[in-house]
Trainee: 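There's a structure below that I have some questions on.
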Amino acid sequence: MMEYPKPTVLIVDDARENIKILAGLLADDEIRVIFAVSGQAALDKVEREPVDLILLDVVMPDMDGYEVCRRLKADHRFRDIPVIFVTGRDSGEDEELGLSLGAIDYITKPFRSSVVRIRVQNHLNLRRLQQTLERLAITDPLTGVGNRRYFLDHIRLAQQRSEQNGASFTLIMLDLDHFKLINDGFGHDVGDTALMEIAHYCRVRLRPSDLFCRYGGEEFVVLLPDTGLHEGKIIAEQLLHGIGALEIAAQDLALHLTASFGVAQIEPGESYSSVLIRADQALYRAKQYGRNRVESDPDEKNN
Ligand SMILES: [Mg+2]
């Protein structure tokens with residue numbers, strides 16, 4: 001299991017005395033506590049550093065806790081941070097309003113210290129579990145790289161960006177050649193080792209901003225942000241030579257594999273599925289023309 005850093009709890013209250021009390025009962029070896037004395041200061045804090053849970057006062061000058069909660073829930077970056085109201089406003093209507101705004105819990109004063117601590121701990125545990133599940137849902141378990149679902153989420157975002165501000169991107173699809181022979185001839189353990197080594201090689205070889213994912217089986221895909229077709233093809237050629245030069249040690253074998261590549265750049269107004277299809281068609285051509293090669297759509301050779 002992966003090690004986590006200490007979770008951070010943000011306490012928001014215009015009365016420093018209240019912050020002191022809550023911090024005193026929460027801060028320990030397991031929890032890091034930070035604070036803000038106004039609604040705006042709280043919003044600034046979450047912009048600047050990761051926060052795992054917020055204890056939020058309701059009555060504050062300028063911007064009250066309800067408004068802070070509203071704004072957090074309207075922002076996709078902060079929507080998932082659990083918010084617990086801690087307040088003297090103990091009417092049923094207030095509690096209902098707070099929860100309807102998306103708060104996960106509502107604690108009224110006077111509160112019992114041990115109960116606050118336990119509730120905070122419970123919500124932190126749930127958040128950690130949720131984050132673990134989210135990570136598992138987007139990770140390919142064999143290679144540790146993003147899976148198809150993760151890739152599709154990102155290509156959708158990249159396509160939206162290209163529509164909004166013209167930011168372009170190029171896709172590389174790559175498929176290992178004759179991979180079935182490896183699995184059939186040497187067994188799936190050997191095939192798995194090859195997939196892991198090649199994925200690792202590509203991830204290290206690519207730029208930090210490039211997104212490398214397993215698309216399925218022995219097929220991988222790379223999203224190259226702010227990259228044109230020509231540069232994308234150069235990068236594909238580098239991967240082609242790099243993969244070809246790898247010696248994969250599995251059991252007593254030293255395997256050499258090759259891969260075929262299809263490259264396509266998104267066109268203005270094009271959908272993400274269309275550019276995916278074009279990259280896939282280029283990959284198909286690379287297979288047809290003898291494998292272990294890079295093809296693009298459109299084919300650049302005549303340009
Ligand atoms: Mg207050």
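Every number for a ligand or one of its atoms is a count from 1 in the order of the listing. Every heavy atom of this structure was used, including side-chain atoms; hydrogens, water molecules and symmetry mates were not.
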Trainee: Identify the residue among Gln159, Arg161, Gln160 that makes a side-chain hydrogen bond (donor to acceptor under 3.5 Å, both in side chains) with Glu163.
Mentor: Gln159
Trainee: Is the Mg ion (ligand 1) less than 2.8 Å from an N/O/S atom of Ala15, whether that atom is in the backbone or a side chain?
Mentor: no
Trainee: If the test is side chain to side chain contact (heavy atoms under 4.5 Å, CB included), which one of Asp14, Ile19, Val68, Val37 qualifies with Asp57?
Mentor: Asp14
Trainee: Just to verify, which of Leu174, Leu176, Asp175 counts as forming a side chain to side chain contact (heavy atoms under 4.5 Å, CB included) with Glu219?
Mentor: Asp175
Trainee: From the N, O or S atoms in Asp14, identify the one nearest to the Mg ion (ligand 1).
Mentor: OD1
Trainee: Please name the atom of Asp57, limited to N, O or S, that comes nearest to the Mg ion (ligand 1).
Mentor: OD2
Trainee: Are any N, O or S atoms from Asp13 nearer to the Mg ion (ligand 1) than 2.8 Å?
Mentor: no
Trainee: Using only heavy-atom distances, determine whether the side chains of Ser274 and Glu270 contain a donor-acceptor pair under 3.5 Å.
Mentor: yes
